[in-house]
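Everything numeric here is computed off the predicted structure, so don't read it as measured data.
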Amino acid sequence: MERIRSTRRGVLALGAGVAASSWAGAAAPARAVGFPAGEFDELGITELRRLMDGGRLDAQELTRYYLERIERIDPLLHAVIEVNPDAVREARRLVRGQGRRGLLHGIPVLLKDLVETGDRMHTTAGSLALEGLRPARDATVAARLRAAGAVILGKTNLSEWAGGLSLTHHAGWSARGGQTRNPYKLDRSPNESSSGTGVAVAANLCVAGIGTETNGSIIDPSSANCVVGVKPTVGLVGRGGVIPGVPSQDSVGPMARTVRDAAIMLGTLVGVDGRDPATSASRGHFHRDYTRFLDADGLRGARIGVPRTVYFGYSDHADDIAERAIEVMRAAGAVIVDPADIPTAERLEDLPGSTVVQAYEFKHALNTYLAAAGGEHPRDLAELIAFNRAHADRELRYARQDGLEAVERLDFSKREYEEALALNRRLSRAEGIDAVLHRHRLDALVMPTTGPPAKIDLIRGDTYGGGASTPAALAGYPAVSVPAGFAFGLPVGVTFMGTAWSEPVLLRLAYAYERASRVRRVPTYREADVGF
């Protein structure tokens, strides 16, 4: 039986690049492309709602503003894979309707291209194989956003098949959407599979967006693009109608420019989902309004642990930024427990059971999804692999599909899978995150989310140094990444991590840190330059 890499990317490693162009060639002096600030740039949900309620703005005007901004800026970024042709019409209905549906009434949002919408848009995971797939109904999260009055602007690009295509790490590339680029420096990686959403939110192509995470795919692009990302507890947000990856780890969560906006979005998304059995465990744990937990003085008296083993030391730049962030927290009244290491940290980063769980679940979940999805397309993983070979000039020009092929070859038994899943959860939960929280009586852990984004390399793939995501990924626990600083103009975030259902605590800490640090700044759209 073949063994593939069991690192945090493992089977769900990222895809490969698109055709080389001038920006990906030899290094050149930095030059800012320069997009003038727009009228509504950086305004959040609360501010925009205030303008609407005061009669100074309506949903149709705001929707047109973002669509025009996408048309003008996104050709440089490739963050949006498809625009909703009915967005303006939907906004017009909201303007003409009676009353306000909710806090998101008239707010334009973007969804990762794993989230089904029952409209004229496709849902493709970035793959040409699903280019004609138009689901009959909305995913649960899309339906809840519409019910709250949100206007769905379109779908965002991603690492094809959420990074499952290839074992080579090319973040933000898909055959359908091309290569997404980091708006702070255009030759840099947008980082992980929710990259399109992270870039779109950072570049003010929408007010907020939806990402998904199996291991790092919300918090890492949030760090790389200077936005806030919430990876919820597995089961807090329903995944019905979302193309699956590894169901025991998959989360759907908000990405926004502020913690408040992320909290508003999360309150809209949560609740029991009849299409997702995992959400039954969320009864009594979810909240419709997470903004009530936000407190500018929320760090005072909080006990925050610093897990240094594994999660520091891979990037001097990330370490320096995290150290400054910790000092901000201490100055705001937090009790810093340092070190507060996760006892199983080193084992979690190279756990053979991760390969077993990822391969087993990905194969079964994807085969089930493809078999049930309507339309003409591959009906299982074997047919998908054959399709890619037949269209290798577009699908496999740079990427090998060794990720998909490895999953297809591996054949773990149900017993092997169940034993591996139990071990993963024990090491990440009772003997991991929960153990260190209990030992030091901590409210949360904090560490660098990941290092500054690496250069995009279309041939060899992006480099990856390290990150914070694995413990929460394997445990199914929540994590919140918030902007913390810049290294040579490249964003770096810190992650607050806690036990199951601790989103209220994590959002309170992240909000208080955000208010104390005020790191967020608009993108520079710099081209390639010499040096770091």
Side-chain angles (χ1 to χ4, degrees), residues 8 44-45 79 109-112 114-115 141 156 158-159 162-163 171-172 180 182-184 189-203 205-234 236-237 249-270 290 318 325 444-451 453 467-473 477-485 491-498 502-503 506-507 509-511 513-514 517 519-520 523:
R8 61 189 294 268
I45 295 169
V109 300
L110 286 165
L111 313 179
K112 185 176 181 179
L114 294 177
V115 180
V141 291
T156 56
L158 70 163
S159 307
T180 302
N182 192 303
Y184 289 87
S189 173
N191 235 348
E192 298 304 340
S193 79
S194 297
S195 49
T197 303
V199 169
V201 171
L205 304 184
C206 59
V207 181
I210 297 298
T212 70
E213 175 158 336
T214 300
N215 190 337
S217 292
I218 289 176
I219 65 171
D220 281 7
S222 295
S223 174
N225 295 286
C226 200
V227 300
V228 175
V230 179
K231 178 259 184 208
T233 304
V234 173
L236 186 68
V237 176
Q249 297 178 201
D250 289 347
S251 293
V252 180
M255 301 170 76
R257 289 184 291 274
T258 67
V259 175
R260 176 172 291 278
D261 281 2
I264 292 171
M265 291 281 287
L266 183 63
T268 300
L269 301 175
V270 299
Y290 283 89
L445 303 171
V446 70
M447 59 275 250
T449 303
T450 189
S469 63
T470 294
Y477 284 0
V480 177
S481 181
V482 61
V492 173
V494 292
T495 286
F496 293 92
M497 186 179 297
S502 64
E503 285 83 358
L506 302 184
L507 288 168
L509 299 176
Y511 179 76
Y513 170 71
E514 175 188 64
S517 61
V519 167
R520 165 74 190 169

Do the side chains of [Y] and [X] get nearer than 4.5 Å, heavy atoms only?
{"X": "Leu266", "Y": "Glu503", "result": "yes"}
{"X": "Val252", "Y": "Ile210", "result": "yes"}
{"X": "Asp261", "Y": "Val207", "result": "yes"}
{"X": "Val446", "Y": "Tyr513", "result": "no"}
{"X": "Thr180", "Y": "Thr156", "result": "no"}
{"X": "Ile218", "Y": "Met255", "result": "yes"}
{"X": "Thr449", "Y": "Val492", "result": "no"}
{"X": "Arg520", "Y": "Val227", "result": "yes"}

Notebook entry, point to check: Does any N or O in the side chain of Ser159 come within less than 3.5 Å of the main-chain N or O of Gly172, such that one atom is a donor and the other an acceptor?
Noted result: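 Checking the backbone N and O of Gly172 against the side chain of Ser159, a donor-acceptor pair under 3.5 Å is found.
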Check: Can you tell me if Lys231 uses its side chain to pair, donor with acceptor, with the backbone of Ala472 under 3.5 Å?
Finding: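 Here the side-chain-to-backbone pair exists.
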Notebook entry, point to check: When you look at Leu507 and Val259, which way does the side-chain contact (heavy atoms from CB on, under 4.5 Å) test go after all the steps?
Noted result: CA-CA 7 Å; Leu507 288 168; Val259 175; 4.0 Å; yes
Margin query: side-chain contact (heavy atoms from CB on, under 4.5 Å), that's the test. Do Val201 and Cys206 meet it? Break it down for me.
Written below: CA-CA 6 Å; Val201 171; Cys206 59; 3.8 Å; yes
Drop me the distance from [X]'s [atom1] to [Y]'s [atom2], to the nearest 0.5 angstrom.
{"X": "Phe496", "Y": "Met447", "atom1": "CZ", "atom2": "CE", "result": "11.0 Å"}
{"X": "Ile219", "Y": "Thr450", "atom1": "CD1", "atom2": "OG1", "result": "8.5 Å"}
{"X": "Thr197", "Y": "Leu111", "atom1": "OG1", "atom2": "CG", "result": "8.0 Å"}
{"X": "Asp220", "Y": "Ser194", "atom1": "CG", "atom2": "OG", "result": "10.0 Å"}
{"X": "Tyr477", "Y": "Thr233", "atom1": "OH", "atom2": "OG1", "result": "8.5 Å"}
{"X": "Asn182", "Y": "Asn225", "atom1": "CG", "atom2": "CG", "result": "4.5 Å"}

Next item on the list: Give the C-alpha distance, both sets of side-chain angles, the deciding distance and a yes or no for side-chain contact (heavy atoms from CB on, under 4.5 Å) between Glu213 and Ser469.
Entry: CA-CA 10 Å; Glu213 175 158 336; Ser469 63; 4.1 Å; yes
Minimum heavy-atom separation for [X] and [Y], please, with both atom names.
{"X": "Ala325", "Y": "Ala484", "answer": "CB-CB, 4.5 Å"}
{"X": "Ser481", "Y": "Gly493", "answer": "OG-CA, 4.3 Å"}
{"X": "Ala200", "Y": "Ala79", "answer": "N-CB, 4.0 Å"}

Next item on the list: Consider only side-chain N and O atoms of Lys112 and Ser193, and report whether a donor and an acceptor are under 3.5 Å apart.
Entry: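 Lys112 vs Ser193: donor-acceptor pair found between side chains.
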Checklist line | side-chain contact (heavy atoms from CB on, under 4.5 Å) between Val482 and Tyr511, intermediate numbers included | finding: CA-CA 9 Å; Val482 61; Tyr511 179 76; over 6 Å; no
